[in-house]
Peer 1: 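My questions all concern the structure below.
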Amino acid sequence: MDFSLDEMQTIAVDGFQKFLQAEIKPIAEQYRDKYINTELAKEIQAKLAPFGVVNGFLPEELGGFDMDLVTQGMLMHELAKVSPDIAITTLIYFASGKMVAATPEPLRSKYLDKFLSCELIASVAISEPGTGSDISSASCRAKQDGDYFVINGEKMWISSGDYSDFMYVLVNVTEGDETGLAVFLVDRNEHGYETTNIDKTALNSQSTAQVFFDNCRVPKENMVAAPGKGLKMLLTLLQSSRPIVGLMSMGIAQAAFDEALQYALDRSQFGKPIAAKQIVQEKLAEMITKIEAGKLMAYRALDCIAKGKRSDIDAAMAKWYCTDMACEIVDEATKIHGGNGITREFPVEYMARAAKVFRVTEGTNEIQKLMIGRAITGLNAF
Ligand SMILES: Cc1cc2nc3c(=O)[nH]c(=O)nc-3n(C[C@H](O)[C@H](O)[C@H](O)COP(=O)(O)OP(=O)(O)OC[C@H]3O[C@@H](n4cnc5c(N)ncnc54)[C@H](O)[C@@H]3O)c2cc1C
């Protein structure tokens with residue numbers, strides 16, 4: 001077991017950090033709380049792609065770099081330090097990249113190249129207005145009509161939804177007496193769906209959208225998971241997103257820690273920098289320890305996934321621990337800033353708003369704990 005970064009990881013992370021400071025940080029600062037439009041979102045992702053953070057995990061034969069998941073997670077952590085908003089768009093590239101890879105030919109080839117070059121953006125649409133944690137109860141429906149399926153219904157909270165050119169959509173399909181959840185690839189231009197952005201308390205630089213399907217006719221070849229197989233496909237393929245969301249949260253926490261440390265060194269009270277006060281040092285020590293613990297948990301979960309070992313519990317532990325701890329750490333960073341912590345002038349205020357969102361995405365932290373609880377007791381408390 002080796003807990004240090006290997007040479008390739010060190011090179012990948014160092015080079016990426018320099019690029020982020022030079023190219024992405026100025027955009028992130030300019031667009032804090034302002035919407036990045038689709039064209040610019042694609043441009044940014046295209047600039048990030050050569051570093052492997054967008055779709056580097058894909059095998060070389062599909063145009064990826066065969067990058068290991070832990071390195072991908074490290075890069076996502078660095079990106080979220082600079083911009084959690086842009087990191088979400090990248091995360092959705094990563095998640096939809098898994099779906100593109102699993103899409104049967106010839107459909108996959110129709111999208112692959114333009115997806116890899118970031119000319120196309122995809123989303124993954126599971127949640128609905130009435131279907132959140134209980135994703136098995138999707139009410140979005142598809143009915144067969146000859147060689148087509150006709151989709152009707154709504155999806156909610158879909159990341160990159162307003163940007164998206166195509167979307168992997170979980171729908172309930174009835175075939176004869178059988179009803180089951182299937183996944184369709186739906187193309188905005190060819191089949192038609194409408195999106196509208198949701199105004200949130202944070203992360204408004206990127207798109208989170210409500211999606212509307214109104215008699216949307218999709219050819220049967222666009223069914224990428226058959227009825228009854230859709231949920232399993234999504235849950236299996238998207239498992240690695242949970243530890244990555246954990247690492248993104250730790251990125252926000254690390255950025256808040258860095259701000260708090262600098263502030264504590266610069267700010268003097270009672271004749272000394274506040275960093276020299278025992279209670280402030282205790283805060284800083286706890287913050288950095290939680291960050292290191294969270295990162296290790298997330299790396300372990302990603303390593304298990306990469307090695308094909310059982311990883312659902314590791315992924316759930318990493319997701320809830322990192323995202324809850326990030327809120328605590330950013331809160332401590334805010335306190336260290338005193339009154340300045342609640343002004344818009346200092347970035348910890350934004351980080352506090354952003355960190356909260358990650359407790360909800362990729363399954364709420366309550367749901368992660370129910371999964372862990374079920375594994376250790378053998379009893380289902382859902
Ligand atoms: C910014 C953002 C981006 C998102 N991106 C996507 C996306 O790209 N694609 C997508 O499909 N979805 C996406 N989501 C949706 C997200 O996955 C859901 O919000 C999440 O699963 C929770 O669903 P809900 O909001 O309907 O809450 P609900 O399921 O209604 O839960 C409300 C509360 O009840 C609790 N609860 C629910 N069931 C139980 C239970 N059995 N026991 C105890 N407590 C319970 C929850 O933990 C929560 O605290 C996104 C959400 C956000 C906020």
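Whatever order the structure lists them in is the order used to number ligands and atoms, beginning at 1. The basis for the numbers below is simple: all heavy atoms, side chains too, and nothing from hydrogens, waters or symmetry mates.
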Peer 1: For atom 43 (C) of ligand 1, which candidate among I367, L370, T364, V169 provides the closest heavy atom?
Peer 2: L370
Peer 1: Could you list which atoms of ligand 1 come closer than 4.0 Å to a heavy atom of V357?
Peer 2: 1 (C)
Peer 1: Is any heavy atom of the protein nearer than 4.0 Å to atom 13 (C) of ligand 1?
Peer 2: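 Yes.
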Peer 1: Show the atoms of ligand 1 that are less than 4.0 angstrom away from any heavy atom in F382.
Peer 2: 41 (N)
Peer 1: Of the listed options (I88, V124, L170, I126), which comes nearest to atom 9 (N) of ligand 1 when hydrogens are ignored and any heavy atom counts?
Peer 2: V124
Peer 1: Under 3.5 Å, is there a donor-acceptor pair between the R188 and T195 side chains?
Peer 2: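 There is such a pair between these side chains.
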Peer 1: Heavy-atom distance from atom 34 (O) of ligand 1 to the protein below 4.0 Å?
Peer 2: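 Within 4.0 Å of atom 34 (O) of ligand 1, no protein heavy atoms are found.
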Peer 1: Provide the number and element of each atom of ligand 1 under 4.0 Å from a heavy atom of V360.
Peer 2: 19 (O), 20 (C)
Peer 1: Can you check whether a protein heavy atom sits less than 4.0 angstrom from atom 30 (O) of ligand 1?
Peer 2: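 So far as the 4.0 Å threshold goes, atom 30 (O) of ligand 1 is out of reach of every protein heavy atom.
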Peer 1: Would you call T361 a ligand 1 contact, heavy-atom distance under 4.0 Å?
Peer 2: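 Contact check T361 vs ligand 1: positive.
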Peer 1: May I ask you to decide if the ring planes of F166 and Y111 are parallel, tilted or perpendicular, using 30° and 60° as cut-offs?
Peer 2: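 Because their plane-to-plane angle lies in the 30° to 60° range, the rings of F166 and Y111 count as tilted.
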Peer 1: Looking only at non-hydrogen atoms, which of Y168, W157, F358 approaches atom 4 (C) of ligand 1 most closely?
Peer 2: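 Nearest heavy atom to atom 4 (C) of ligand 1 lies in W157.
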Peer 1: Any idea which of S159, A354, S164 brings a heavy atom closest to atom 8 (O) of ligand 1?
Peer 2: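 It is S159 that holds the nearest heavy atom.
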Peer 1: Around atom 15 (C) of ligand 1, find the nearest protein heavy atom and jot down its residue, atom name and distance.
Peer 2: S127 OG, 3.1 Å
Peer 1: Classify the ring geometry of F213 against Y193: parallel below 30°, tilted from 30° to 60°, perpendicular beyond 60°.
Peer 2: tilted
Peer 1: Can you sort out which atoms of ligand 1 are near I158, meaning under 4.0 Å from one of its heavy atoms?
Peer 2: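 Here the atoms of ligand 1 in question are 7 (C), 8 (O), 9 (N), 10 (C), 11 (O).
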Peer 1: Give the minimum heavy-atom separation between Q210 and E154, together with the two atoms involved.
Peer 2: NE2-OE1, 2.8 Å
Peer 1: Charged N to carboxylate O under 4.0 angstrom, D187 versus K110?
Peer 2: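 Judged by the 4.0 Å cut-off on N to carboxylate O distance, D187 and K110 do not form a salt bridge.
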Peer 1: Is atom 2 (C) of ligand 1 touching the protein, meaning some protein heavy atom lies under 4.0 Å away?
Peer 2: yes
Peer 1: Please list, one pair per line, the donor and acceptor atoms closer than 3.5 Å that link side chains of residues 8-19 to other protein atoms, with sequence neighbours excluded.
Peer 2:
{"from": "Q9", "atom 1": "OE1", "to": "D6", "atom 2": "N", "distance (Å)": "3.0"}
{"from": "Q9", "atom 1": "NE2", "to": "T71", "atom 2": "OG1", "distance (Å)": "3.2"}
{"from": "T10", "atom 1": "OG1", "to": "D6", "atom 2": "O", "distance (Å)": "2.9"}
{"from": "Q17", "atom 1": "NE2", "to": "E78", "atom 2": "OE1", "distance (Å)": "3.0"}
{"from": "Q17", "atom 1": "NE2", "to": "E78", "atom 2": "OE2", "distance (Å)": "3.4"}

Peer 1: Tell me whether F382 at atom CZ has more than 12 heavy atoms from other residues, nucleotides or ligands lying less than 6.0 Å away.
Peer 2: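 Buried by this count: over 12 neighbours within 6.0 Å.
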Peer 1: With I372, which of D312, D314, I313 fulfils side-chain contact (heavy atoms from CB on, under 4.5 Å)?
Peer 2: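 The passing option is I313.
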Peer 1: Which residue and non-hydrogen atom of the protein lie closest to atom 28 (P) of ligand 1, and at what distance in Å?
Peer 2: S133 OG, 3.7 Å
Peer 1: Does any N or O in the side chain of T131 come within less than 3.5 Å of the main-chain N or O of S137, such that one atom is a donor and the other an acceptor?
Peer 2: yes
Peer 1: Give me the nearest non-hydrogen protein atom to atom 24 (P) of ligand 1 as residue plus atom name, then the distance to 0.1 Å.
Peer 2: G132 CA, 3.8 Å
Peer 1: Please list the nearest protein heavy atom to atom 44 (N) of ligand 1 with its residue and the distance rounded to 0.1 Å.
Peer 2: E366 CB, 4.2 Å
Peer 1: Would you tell me whether S207 and N197 have side-chain atoms, one donor and one acceptor, within less than 3.5 Å of each other?
Peer 2: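 Result is yes, a qualifying pair exists.
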Peer 1: Linking Ile, Leu, Val, Met, Phe, Trp and Tyr by side-chain heavy atoms under 4.5 Å, what else ends up with I376?
Peer 2: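 Joined to I376, directly or through intermediates: none.
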